[in-house]
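Note sheet for the following structure.
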2 protein chains.
Amino acid sequence: MTTEPASSLADFIGGVSLRQLLYLRMAAHQPSFTAAAAALGITQPALSQALLEVERRAGVPLFEANGRHRRLTEDGRELLAFAERVLAEAAALRDRLDARARGEAGTLRVGMIDAASLYVLPDIIREYREQHPAVDLQLHVDATAALLTQLRTFELDLVFAIGPPENGIEGIEVLREPLHVYAPPGRDDPHAPPLHAEWALYESGSHTRAIIDVGLGRLGIAPLVTLQSGNPEVLRQMVALGLGWSVLPPAVAEGAPVLASRRGALVAQRSLFAMRRAGAAPHPRADEFLRLALAAA
Amino acid sequence: MTTEPASSLADFIGGVSLRQLLYLRMAAHQPSFTAAAAALGITQPALSQALLEVERRAGVPLFEANGRHRRLTEDGRELLAFAERVLAEAAALRDRLDARARGEAGTLRVGMIDAASLYVLPDIIREYREQHPAVDLQLHVDATAALLTQLRTFELDLVFAIGPPENGIEGIEVLREPLHVYAPPGRDDPHAPPLHAEWALYESGSHTRAIIDVGLGRLGIAPLVTLQSGNPEVLRQMVALGLGWSVLPPAVAEGAPVLASRRGALVAQRSLFAMRRAGAAPHPRADEFLRLALAAA
DNA sequence: AACACTATCCATAAGTATAATATATGATTT
DNA sequence: AAATCATATATTATACTTATGGATAGTGTT
């Protein structure tokens with residue numbers, strides 16, 4: 001009967017559980033504690049004690065005697081309203097988490113290199129958007145190195161970039177692209193670039209450029225690079241306009257038919273990997289997106 | 001690492017406490033679990049375990065490794081948002097309950113008999129309203145029996161009515177009123193009502209009427225009642241118009257000076273009690289109202 | 001009507017199971 | 001070497017059950 005005046009916020013928060021709020025709601029909605037306890041699947045003393053504990057935490061009586069029943073006080077109704085709100089929030093949260101676990105809601109941030117965005121993934125993006133309209137799909141196009149940095153700093157969930165995956169990143173190969181020499185229109189044989197040839201290549205420092213440099217070296221070519229661009233469309237145009245030679249994946253170079261007949265030697269292969277942080281938390285939406293990508297490849 | 005799929009709503013609600021939500025919020029706002037634990041005044045393992053327990057209940061990972069720190073997953077941010085909302089609700093509830101405990105907010109339902117409302121309590125009502133403008137003060141005027149019924153059925157918090165208090169009701173005397181015979185204007189001696197006098201009295205069945213009947217009997221009078229009313233103003237008017245005799249408290253009868261000189265014998269005394277349910281939960285607002293009433297008396 | 005009789009409801013007590021926390025320690029990362 | 005988080009174990013606190021008592025309301029009997 002003597003309720004300790006433990007009415008500090010910390011005491012209240014520290015001691016009250018969602019279960020107790022559930023008990024309170026049931027006790028308020030059922031005709032008696034006994035009926036409420038039965039509906040909750042616990043014994044009547046357990047319910048009585050739990051409610052007394054809530055009273056103690058709240059610092060005010062929540063029930064008062066009414067014959068052999070007990071009824072809510074005005075303070076009790078105040079606390080009941082709180083309980084209803086919190087329990088409704090909890091149910092909504094549970095729904096959200098479940099929807100997210102099913103991949104039906106939430107955010108999916110995918111990073112991809114421009115070649116992927118242009119030639120490989122558009123259909124998959126469209127398909128994913130159709131199948132999961134409630135997912136907030138955010139796409140970022142950048143170079144491999146930048147994408148991997150963003151992946152590491154939790155700014156992206158899934159990255160399609162040139163592999164193989166480095167330390168702390170795990171991935172699966174989605175596509176393997178050959179990289180061929182392409183000659184500018186004219187007399188020269190695409191398979192025999194002259195020594196004085198000028199080259200338009202991917203930017204120095206990029207993953208693809210590193211692969212290309214190694215491959216060209218194996219072919220005995222030390223390219224004279226007069227133009228660098230991270231944009232493969234730019235490189236293709238340079239070649240098509242006769243301004244130099246390049247090394248490109250056919251998917252890029254032959255998108256317009258101009259360069260199809262100008263393909264030269266196979267310089268190297270680059271692999272497009274789908275990558276995530278090693279040991280990252282499960283991500284149903286990323287999993288689904290990747291599933292679509294692998295199914296298409 | 002292997003989180004059991006305990007992702008049912010009942011499991012979530014059953015296991016999560018407000019304290020864990022507090023822990024989650026602190027862990028999200030502090031740079032490390034260690035710092036958060038220190039800020040919470042608990043040890044780091046206690047915090048780690050509590051958060052792991054929440055993860056288990058939620059069925060999804062809330063944190064993921066980031067170097068030697070851990071950071072929230074998207075699901076974790078979802079749960080954090082829930083925690084913020086609930087904790088804000090809890091703080092607001094605490095404020096409301098505290099304000100109510102101080103008598104500064106809430107509802108106060110006071111019942112009173114009309115005599116009290118007319119002659120005794122108006123100043124107190126005005127004073128209370130001035131001092132506690134945030135309290136929703138609801139006044140009900142009715143006969144004693146009806147008021148006590150409403151008190152018993154929790155429709156009123158405090159009642160000013162004719163005592164003494166019955167079983168299940170406890171009260172304190174606020175005012176003792178004499179009940180005098182009042183004679184109609186004319187030749188008759190107010191102290192000697194004739195046998196054939198016609199009387200206008202409180203309604204049969206009312207507390208005051210019962211007291212009056214007993215008192216008149218002691219004076220050897222068996223009144224011939226030609227008019228009954230629960231409204232003492234009506235009775236006063238009847239007497240003033242010469243239609244009969246009555247028994248009234250001077251506060252009623254002499255409100256207008258008409259009947260002052262027509263006062264006869266003291267029939268009885270009735271006591272105005274402030275009454276509450278016996279064993280009712282503390283009610284700071286009722287207490288304050290009663291304090292004002294007693295101070296004025 | 002008054003009385004006991006019975007059923008219902010809630011509180012309390014005591015014992016037991018579960019959960020929360022602290023201390024000590026290990027693994028990993030910077 | 002320092003910092004961070006996880007794990008193991010012991011201890012304490014909390015939650016629950018069973019058993020029981022007190023109060024109230026309904027029911028039948030004298």
Side-chain angles (χ1 to χ4, degrees), chain A residues 1-4 6 11 13-24 26-28 30-57 61-73 76 152 167-168 277-279 281, chain B residues 1-4 6 11 13-24 26-28 30-57 61-72 76 152-153 167-168 277-279 281:
Chain A
M1 211 43 62
T2 48
T3 53
E4 280 293 315
D11 268 18
I13 287 179
V16 175
S17 66
L18 296 193
R19 172 174 20 196
Q20 286 170 320
L21 299 182
L22 192 66
Y23 287 3
L24 173 64
M26 189 63 84
Q30 294 287 125
S32 72
F33 284 11
T34 305
L40 288 165
I42 60 174
T43 59
Q44 169 267 316
L47 180 60
S48 279
Q49 294 203 86
L51 295 176
L52 284 174
E53 175 65 16
V54 176
E55 280 197 346
R56 207 181 63 71
R57 296 288 180 182
L62 304 180
F63 291 88
E64 58 187 323
N66 177 26
R68 62 184 171 186
H69 289 249
R70 298 185 64 80
R71 61 179 295 147
L72 276 176
T73 62
R152 279 188 220 278
N167 205 359
R277 286 182 299 282
Chain B
M1 211 40 66
T2 48
T3 54
E4 279 292 316
D11 269 18
I13 287 179
V16 174
S17 66
L18 295 193
R19 171 174 20 194
Q20 286 170 319
L21 299 182
L22 191 67
Y23 288 3
L24 173 63
M26 189 62 83
Q30 293 287 125
S32 72
F33 284 13
T34 306
L40 289 166
I42 60 174
T43 59
Q44 169 267 316
L47 179 60
S48 278
Q49 296 222 61
L51 295 176
L52 284 173
E53 175 64 15
V54 177
E55 281 198 345
R56 209 180 62 72
R57 296 288 181 182
L62 304 179
F63 291 88
E64 58 188 322
N66 178 25
R68 64 182 171 188
H69 290 249
R70 300 185 62 82
R71 61 178 295 146
L72 277 175
R152 280 188 219 277
T153 57
N167 205 0
R277 285 183 299 283

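Every chain is numbered from 1, with letters handed out A, B, ... down the list of sequences.
The shortest side-chain heavy-atom distance between B:E55 and B:L52 falls under the 4.5 Å cut-off.
Here A:E53 pairs with A:R56, A:R57 under the salt bridge (charged side-chain N to carboxylate O under 4.0 Å, His left out) rule; sequence neighbours left out. Under the rule for a salt bridge (charged side-chain N to carboxylate O under 4.0 Å, His left out), A:R71 has no partner lying at least two apart in sequence or in another chain. Listed by chain and residue number, nothing satisfies the salt bridge (charged side-chain N to carboxylate O under 4.0 Å, His left out) test with A:R70 (two or more places apart in sequence, or in another chain).
In this structure, the CD atom of B:Q30 is 17 Å from the P atom of D:dA3, given to the nearest Å. Residue B:F33 contributes atom CZ, which lies 6 Å from atom P of D:dA6 at whole-angstrom precision. If you take CG of B:L72 and P of D:dC5, they are 12 Å apart, rounded to a whole angstrom. The CZ atom of A:R70 sits 11 Å away from the C1' atom of C:dC9 (whole-angstrom rounding). Between A:N66 atom CG and D:dT24 atom C1' the separation is 11 Å, expressed in whole Å. We find that NE2 of B:H69 is positioned 11 Å from P of D:dA3, with the value rounded to whole Å. What separates CD of A:E64 from C1' of C:dA11 is a distance of 17 Å, to the nearest Å. Per the geometry, CG belonging to A:L62 stands 16 Å off C1' belonging to C:dC10, to the nearest Å.
The two residues A:L40 and A:M26 make their nearest non-hydrogen contact at CG-CG, 3.7 Å. Of all non-hydrogen atoms in A:Q30 and A:A36, the two that sit nearest each other are CG-CA, 3.7 Å. Listed here is the closest heavy atom pair of B:H69 and B:P31: ND1-O, 3.0 Å.
Between D:dC5 and B:T34, a contact under 4.0 Å exists linking OP1 or OP2 to a side-chain N or O. Taking 4.0 angstrom as the limit, B:S48 places none of its side-chain polar atoms (N or O) nearer than this to OP1 or OP2 of D:dC5. Phosphate proximity of C:dT21 to B:T43: absent, as no side-chain N or O sits under 4.0 Å from OP1 or OP2.
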Got a list of side-chain donor-acceptor pairs under 3.5 Å for residues 14-24 of chain A, not counting sequence neighbours?
unit_1: A:S17; atom_1: OG; unit_2: A:R19; atom_2: N; d: 3.4
unit_1: A:S17; atom_1: OG; unit_2: A:Q20; atom_2: N; d: 3.2
unit_1: A:R19; atom_1: NE; unit_2: B:G14; atom_2: O; d: 3.3
unit_1: A:R19; atom_1: NH2; unit_2: B:G14; atom_2: O; d: 3.2
unit_1: A:Q20; atom_1: OE1; unit_2: A:S17; atom_2: N; d: 2.9

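Nucleotides of DNA chain D nearest to B:S32 and A:Q44 differ in position, and the one nearer the 5' end is that of B:S32.
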I'd like a table of atom pairs between the protein and nucleotides 4-7 of chain C - only N or O on both sides, under 3.5 Å - with the distance next to each one.
none

What N/O pairs connect the protein and nucleotides 8-15 of chain D at under 3.5 Å? Give each pair on its own line.
none

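Looking only at distances, no side-chain donor or acceptor of A:E64 sits under 3.5 Å from a matching main-chain atom of A:T73.
Here A:A46 lies in heavy-atom contact (under 4.0 Å) with a base.
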